[in-house]
Amino acid sequence: MCADWNQLFHNPAKVIREPDPLALEFARAVPPGARVLDLGCGAGRHLVNLAGAGFEVHGTDVAPQGLAVARQWLEMEGLSARLSLSDMTRQPYPEEFFDGILSLGVMNHAVLADTFAAVAEARRLLKPGAPFFFTLIGVEDVRRGEGEEIEPNTFVHHQGLEAGVPHHYFSRDEILQLAAPFARKNYDSRHRPYNDADPVFGGDPRARARSDAWFHQWAVRVWK
């Protein structure tokens, strides 16, 4: 149903280096030295940040090339993390193993049912009271609507950096449904104007000709 995920990690210029602000917030929400998981760690930008902060870091991803880039980056920084190749809906860990889980820009790359399965799997892995911070793209994003719609609000795009990869665009009601099983929760809606000069997300044919082009994302924080 989707393109080879390895395609996203072959061009070093397209690897995001700076941590997402939510990852920095996550690092303050878990105890010092906590055992944490970066679910869908990709090339490792949050692995490096968390490992450098002294956490016991684990990372999983479906792309061998992404994990290879992450290992190389960690080695260059003199840091370590335990990396595994796995699908987001089936993680290689026992119940209540982690003090916190982070997943940024990952779980929206699926049909809606698989995102719900991934959230349930993350909850299984969390210790009671532990946080799960994640981001998902929203329905107000300029990229929504392009490509093949395989279910309501899920598109396999024909253009852009992640062509061939499914994207589900989340509504507020869907965010509330995902968060419902958790004891405590909050979220906010983030909008970022499209920048054609951005080295990673610029040059997008769907956005560059529009004056109202925004990227939309939900930042979600839940605690088991």
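Numbers here are sequence positions counted from 1.
Taking CG from Asp198 and CZ from Arg192, the interatomic distance works out to 6.0 Å, rounded to the nearest 0.5 Å. The CZ atom of Phe134 lies 11.0 Å from the CD1 atom of Ile101; values are rounded to the nearest 0.5 Å. To the nearest 0.5 Å, atoms CD1 (Ile137) and CH2 (Trp218) are separated by 12.5 Å. With rounding to the nearest 0.5 Å, the separation of CZ in Phe201 from CD in Glu162 is 6.0 Å. Rounded to the nearest 0.5 angstrom, Leu104 CG and Cys41 SG are separated by 11.5 Å.
Between Arg124 and Glu121 there is a salt bridge, with a side-chain nitrogen of the basic residue lying less than 4.0 Å from a carboxylate oxygen of the acidic one. Salt bridge status for Asp196 with Arg208: present, with a side-chain N to carboxylate O gap under 4.0 Å. Using a 4.0 Å cut-off between a side-chain N of Lys or Arg and a carboxylate O of Asp or Glu, Asp20 and Arg190 qualify as a salt bridge. Of the charged side-chain nitrogens involved, at least one lies within less than 4.0 Å of a carboxylate oxygen, so that Glu146 and Arg206 count as a salt-bridged pair.
For the salt bridge (charged side-chain N to carboxylate O under 4.0 Å, His left out) with Asp99, the lone residue among Arg35, Lys224, Lys127 that qualifies is Lys127.
For the pair Arg143 and Phe215, the cation-pi test (distance below 6.0 Å, angle within 45°) is passed. The side-chain tip of Arg123 does not point at the ring of Phe132 from less than 6.0 angstrom away and within 45° of straight on.
Between Val165 and Phe155, the closest side-chain pair of non-hydrogen atoms is not below 4.5 Å.
Taking each heavy atom of Met88 and Ala110 in turn, the nearest pair found is CE-CB, 3.5 Å. Scanning both residues, Leu112 and Glu151, for their nearest heavy atoms gives N-OE2, 2.7 Å.
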